[in-house]
Amino acid sequence: MTTLYQRLRELLSRACHLGVETGLLLQPVAAAEIALERPRQSSHGDLATNLCFSISKGTGKSPRAVAEAFVPLLRAADTEGWIAGAEVAGPGFLNLRLSETCWNSAILDTLQGGAAYGTSQAGHGEKVLLEFVSANPTGPLHVGHGRGAVLGDALGRVMRAAGYDVSTEYYINNVGNQVSKLGESVWHWLRAEGKRAAALEIWSRGEPVAFPDGFPEGFPEDGYRGGYIAQCAQDLAHAGAFSEAMAAVGSWADDTAWREADPASLTGRADNRTITVKSWQKMLERIRIDLERLDIRFDRWFSERGLHGLDADTLDSVSDCARRLVAQDWAYEGEPAAREGDDEEEAGDRAIFFRGTSEKIPKSFRDSKDRVIVRGDGRPTYFAADIAYHDQKLARGYDRLINILGADHHGYVSRLKGVLHALGDLRAQEGDPLAARWSGERLEVLLVQMVALLRDGKPVPMGKRSGEFITLRDVIDDVTTSDAASGRDAVRFIFLLRKADAQLDFDLEVARRTSMDNPVYYVQYGHARLASILDRARSEGKGLRDGALPTGLHLDDERELALLCAELPETIARAARSREPHQVAYYLTETCRAFHAYYTRNKADNRVITDDDATTQSRLMLVAALKQVLHNGLTLLGVSAPDRMVSLQEAGAEGSE
RNA sequence: GCGUCCAUAGCUCAGCUGGAUAGAGCAUCGGCCUUCUAAGCCGAGGGUCAAGGGUUCGAGUCCCUUUGGACGCGCCA
């Protein structure tokens with residue numbers, strides 16, 4: 001499907017070809033490279049292009065002179081009459097006034113496109129692996145995770161719409177010290193049934209479980225302290241099959257049972273014990289439920305255990321990668337080179353370090369220090385697993401990897417890119433014909449800044465030490481007003497109103513307020529208003545008919561709105577290219593603003609539904625097109641587009657507190 | 001100390017590969033509901049784009065320096 005902007009670019013490109021033929025220009029310009037933008041001032045026309053600045057280079061003429069010579073060529077190329085006026089402005093801008101044909105076709109494009117309107121092939125089917133959230137399954141998601149989740153999900157939707165072949169993935173960190181600690185914490189609660197019951201009682205009242213009073217004896221100082229751990233133990237204790245299996249472990253009374261491998265353990269490692277595995281599975285289940293409440297689902301949940309060969313039918317690719325890195329001198333055993341002569345060498349175990357500081361790594365990906373991949377005791381680090389994971393991502397055939405990480409992980413980015421470079425070199429040395437696929441350039445990392453939780457402008461305290469903090473679930477519950485969708489819509493839209501690298505204030509009070517300062521309602525109200533106009537027309541027997549034409553639109557407002565419809569595909573493609581879903585949110589807000597203004601301004605003497613059939617049909621087409629645009633845009637953001645909204649007064653009467 | 005990111009209206013933030021007179025919401029002030037949803041609209045005030053220098057036809061946007069803030073520099077994940 002071609003769009004208005006594409007047709008206009010083609011036209012400008014054709015004019016450039018004429019320019020080459022007549023000797024005005026040196027080279028033609030491809031349609032895709034032509035920038036079109038909507039000027040801020042209406043006196044500058046409907047669309048402007050700075051095309052003449054670039055094509056004048058090398059001609060010896062000024063951009064303005066080229067632009068003046070270009071106008072007649074544009075007229076000649078415009079055999080279909082898209083352009084109503086073209087004038088040169090300033091140092092060489094070309095301001096275009098578009099003909100009625102243009103805005104009519106914008107409306108027809110929208111209605112014909114339907115739910116698919118706005119999609120494009122801008123991404124050329126590039127295979128993208130989008131990894132996000134990937135929170136450790138050691139506790140509930142918090143607001144920061146929620147932001148990354150919403151951003152990643154919306155980005156996936158936007159990029160798919162723009163013609164990228166996107167897969168989404170959640171990497172489950174179910175190996176290592178953190179999950180071991182989780183298992184150990186749960187274990188202590190499992191043993192202390194009486195304490196557990198008391199703690200859950202305290203917890204259910206919303207109070208933090210006091211340490212050490214409410215905690216079982218011997219509970220580790222650095223264990224997970226949240227009340228959810230006691231809850232997890234409770235759930236496991238009541239799961240019949242599990243408690244039977246655990247009975248075989250023997251005594252619950254002392255730590256030896258914990259220290260010795262349980263029957264299901266293959267290696268005796270603490271992160272592979274039944275309690276540990278059951279615990280993180282429980283946590284992950286909760287995470288999955290929370291994400292589904294935000295309408296977020298992943299194409300794949302990728303288990304780190306598989307990389308270590310701990311899941312069924314998996315091999316230990318972490319060790320394999322480490323071995324190969326050592327074999328090609330990308331890793332070495334000993335003290336880190338960067339710290340040579342620093343301290344006296346300890347006569348302890350010798351770890352394996354990755355050469356992240358190697359000169360062979362492009363400077364922008366180079367690390368300041370060589371990092372450990374295998375500890376002195378032989379256990380691989382998180383980094384080692386991540387190496388194997390990203391190696392596998394590229395081996396699976398993705399052209400591009402996008403990771404969304406919390407901004408506090410930014411130090412990790414160049415390290416990971418450096419590794420991908422090393423893997424490319426490694427594979428080249430091994431004679432892999434596809435080695436060029438492995439490169440730091442393939443990886444893009446989006447860093448999401450923190451979320452500051454506020455209530456009525458004041459920061460909400462988060463006691464990280466006590467383990468009691470406001471979870472994502474709490475926040476969704478808190479901002480849910482009418483139906484289940486309202487919480488999701490508010491949370492998603494507010495997160496998407498900021499770009500990733502800006503800090504975000506999330507005010508619970510504003511988010512739950514069903515009033516003007518809550519931006520999500522503004523757009524949804526616009527959609528509902530459009531729907532209600534169409535309903536009204538139908539009920540008056542003046543509904544939109546098939547085959548109607550939008551030729552009865554003559555108001556400036558109407559032209560502006562039609563051209564805004566034409567911008568949706570542009571906006572989606574741009575948001576996808578720059579990985580910034582917030583651009584869609586801003587576009588929707590702006591389009592809504594234009595509609596509300598049109599509606600109110602013309603309420604008195606230019607209503608949509610009139611006695612003149614042609615005008616009514618035309619305006620209904622515009623209304624239907626706008627509704628489609630808002631609907632498609634909101635869907636990309638994962639926000640619902642209601643046809644009706646409960647009025648403020650009704651809601652207020654219902655929810656009198 | 002080294003590194004990454006950020007700094008735009010009173011507040012929270014947009015500003016598209018560098019483009020024309022820097023925008024929006026909130027807050028403040030003044031208007032608009034007999035008639036398709038007032039969760040709306042119209043208007044007013046509000047700016048040294050942190051500071052200084054550079055690149056060019058043109059800089060909020062790119063480069064350098066300074067200041068201020070966030071974060072990172074584990075055999076944690």
Side-chain angles (χ1 to χ4, degrees), chain A residues 33 35 37-41 43-44 48 50 53 62-64 89-93 95 134-136 138 173 175-179 181 304 336 348-353 367-369 371-377 379-383 385-386 406-414 447 449-450 457 497-499 501-505 507 510 513-522 524-526 528-537 539-540 570-571 574-575 577-578 580 582-583 585-586 589-590 592-593 595-601 603-604 607-609 623 644-649 651:
Chain A
E33 286 165 27
E37 62 174 20
R38 230 158 34 88
R40 292 199 190 88
Q41 280 173 271
S43 64
H44 289 155
N50 57 5
F53 288 91
S62 72
R64 193 175 168 102
F93 293 101
N95 291 339
S134 298
N136 287 350
T138 52
N173 277 162
V175 173
N177 294 339
Q178 301 302 322
V179 285
K181 207 185 288 174
E304 183 186 344
D349 300 318
R350 293 169 70 78
I352 296 174
F353 292 81
D367 208 339
S368 55
K369 208 171 151 186
R371 309 286 168 174
V372 173
I373 53 175
V374 181
R375 298 180 177 93
D377 62 7
R379 289 152 58 230
T381 60
Y382 169 84
F383 184 36
D386 229 19
D408 52 339
H409 289 85
H410 69 257
Y412 191 67
V413 176
S414 62
L447 297 171
Q449 287 288 342
M450 314 259 113
L497 223 41
R498 297 281 176 271
K499 57 180 171 189
D501 58 8
Q503 282 204 10
L504 181 137
D505 288 339
D507 195 313
V510 172
R513 209 175 289 161
T514 35
S515 71
M516 311 199 277
D517 44 2
N518 191 344
V520 65
Y521 292 104
Y522 185 81
Q524 290 186 320
Y525 175 58
R529 200 175 227 189
L530 288 159
S532 115
I533 294 173
L534 292 170
D535 272 350
R536 167 62 70 108
S539 69
E540 289 181 13
E570 296 288 308
T571 302
R574 197 174 69 225
R577 185 171 7 102
S578 57
E580 292 180 337
H582 78 273
Q583 294 191 11
Y586 274 90
T589 308
E590 194 194 335
C592 250
R593 189 185 343 277
F595 164 65
H596 284 310
Y598 166 70
Y599 175 91
T600 311
R601 266 203 293 266
K603 209 168 170 180
R607 309 195 126 222
V608 172
I609 302 163
V623 165
R644 259 179 51 79
M645 289 186 85
V646 184
S647 78
L648 191 58
Q649 290 78 7

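Throughout, a chain's letter reflects where its sequence line sits, starting with A, and its residues are numbered from 1.
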Residues in ring pair (Phe, Tyr, Trp, His ring centres under 6.0 Å) with Tyr598(A), at least two apart? none
Answer with base, sugar-phosphate or nothing: what part of the nucleic acid does Tyr599(A) contact at a heavy-atom distance below 4.0 Å? base
By ring pair (Phe, Tyr, Trp, His ring centres under 6.0 Å), His582(A) pairs with (sequence neighbours left out) Tyr586(A)
Give the nucleotide from the list A77(B), C42(B), C13(B) with an atom nearest to the side chain of Asn173(A). A77(B)
Among C71(B), U12(B), G15(B), the one nearest Arg498(A) by side-chain distance: U12(B)
Where the chi angle of C57(B) falls, syn if within 90° of 0 and anti if not: anti
Looking only at the side chain of Arg529(A) (C-beta and beyond, no hydrogens), which of the listed nucleotides G40(B), C75(B), U35(B) gets closest? G40(B)
Presence of Arg607(A) side-chain N/O under 4.0 Å of U35(B) phosphate oxygens OP1/OP2: no
What nucleotide, of U35(B), G15(B), A38(B), holds the atom closest to the side chain of Lys603(A)? A38(B)
With rounding to the closest Å, how many angstrom separate the P atoms on C11(B) and G58(B)? 33 Å
For Thr589(A), enumerate each residue passing the side chain to side chain contact (heavy atoms under 4.5 Å, CB included) test, keeping only those at least two apart in sequence or located in another chain. Phe493(A), Tyr522(A), Val523(A), Arg593(A)
Side chain to side chain donor-acceptor pair (under 3.5 Å) involving Arg601(A) - partner list, sequence neighbours excluded: Asp557(A)
Considering only heavy atoms and no angle criterion, is a donor-acceptor pair shorter than 3.5 Å present between the side chain of Arg574(A) and the base of C16(B)? yes
Roughly how many Å apart are G15(B) and G23(B), using the P atom of each and rounding to a whole number? 15 Å
With sequence neighbours left out, what residues match Glu37(A) under side chain to side chain donor-acceptor pair (under 3.5 Å)? none
Proximal nucleotide (of G15(B), G72(B), C42(B)) relative to the Glu580(A) side chain: G15(B)
Taking atom C1' in both G18(B) and C49(B), compute the distance separating them and give it to the nearest angstrom. 15 Å
Between A22(B) and G47(B) - P atom distance, rounded Å: 12 Å
Check this for me: does any side-chain nitrogen of one of Arg379(A) and Asp377(A) sit under 4.0 Å from a carboxylate oxygen of the other? yes
Using a 4.0 Å heavy-atom cut-off, does Ala407(A) contact any base of the nucleic acid, only the sugar-phosphate backbone, or nothing at all? sugar-phosphate
Can you tabulate the close N/O pairs, meaning under 3.5 Å, that link protein atoms to atoms of nucleotides 17-22 of chain B?
unit_1 : atom_1 : unit_2   : atom_2 : d
G19(B) : N7     : Asn50(A) : ND2    : 3.4
A20(B) : OP2    : Arg40(A) : NH1    : 2.9
A20(B) : N6     : Asn95(A) : OD1    : 2.6
A20(B) : N1     : Asn95(A) : OD1    : 3.1
A20(B) : N1     : Asn95(A) : ND2    : 3.0
U21(B) : N3     : Gln41(A) : NE2    : 3.3
U21(B) : O4     : Gln41(A) : NE2    : 3.0

Output, in order, the C-alpha distance, side-chain angles, deciding distance and verdict of salt bridge (Lys or Arg N to Asp or Glu O under 4.0 Å) for Glu570(A) and Arg574(A). CA-CA 6 Å; Glu570(A) 296 288 308; Arg574(A) 197 174 69 225; over 6 Å; no
Phosphate OP1/OP2 of C76(B) contacted by Asn177(A) side-chain N/O (<4.0 Å): yes
From U12(B), C76(B), C36(B), pick the nucleotide closest to the side chain of Ile609(A)? C36(B)
Residue list, side chain to side chain contact (heavy atoms under 4.5 Å, CB included) with Thr600(A), at least two apart or on another chain: Arg529(A)
Short heteroatom pairs, N/O only, protein and nucleotides 4-8 of chain B, under 3.5 Å:
unit_1 : atom_1 : unit_2    : atom_2 : d
U4(B)  : O2     : His410(A) : NE2    : 3.4

Tell me which nucleotide among U35(B), C73(B), C41(B) gets nearest to the side chain of Ser368(A). C73(B)
Quick one: label His409(A) by what it contacts on the DNA or RNA (base, sugar-phosphate, nothing), any heavy atom closer than 4.0 Å. base
Stems involving RNA chain B: give each as a range paired with a range, ordered by first number, where a stem means at least three consecutive Watson-Crick or G-U wobble pairs under 3.5 Å. B:1-5 with B:69-73, B:10-13 with B:23-26, B:28-32 with B:40-44, B:50-54 with B:62-66
Applying side chain to side chain donor-acceptor pair (under 3.5 Å), can you list everything that pairs with Gln178(A), at least two apart in sequence or on another chain? Tyr224(A)
Excluding sequence neighbours, so at least two apart, what forms side chain to side chain contact (heavy atoms under 4.5 Å, CB included) with Tyr382(A)? Tyr171(A), Asn173(A), Asp386(A), Tyr412(A)
On RNA chain B, more 5' by nearest nucleotide between Met450(A) and Arg379(A) is Met450(A)
Measuring only between side-chain heavy atoms, which start at C-beta, is Glu540(A) closer than 4.5 Å to Ile609(A)? yes
Would one find a side-chain N or O of Tyr522(A) under 4.0 angstrom from OP1 or OP2 of C41(B)? yes
Considering every strand and a 4.0 Å limit on heavy-atom distances, what is the contact class for Arg64(A): base, sugar-phosphate, or nothing? nothing
Short side-chain N/O contact from Arg375(A) to OP1 or OP2 of C76(B), under 4.0 Å: yes
Under 4.5 Å between any side-chain heavy atoms of Leu530(A) and Phe595(A), yes or no? yes
Which one, G74(B), A77(B), G40(B), comes nearest to the side chain of Thr600(A)? G40(B)
Regarding the side chain of Arg536(A), the nearest nucleotide among C36(B), A14(B), G40(B) is C36(B)
Looking at the side chain of His596(A), which of C76(B), C41(B), G15(B) is the nearest nucleotide? C41(B)
Please enumerate all residues that pass side chain to side chain contact (heavy atoms under 4.5 Å, CB included) together with Ala528(A), with sequence neighbours excluded. Met645(A)
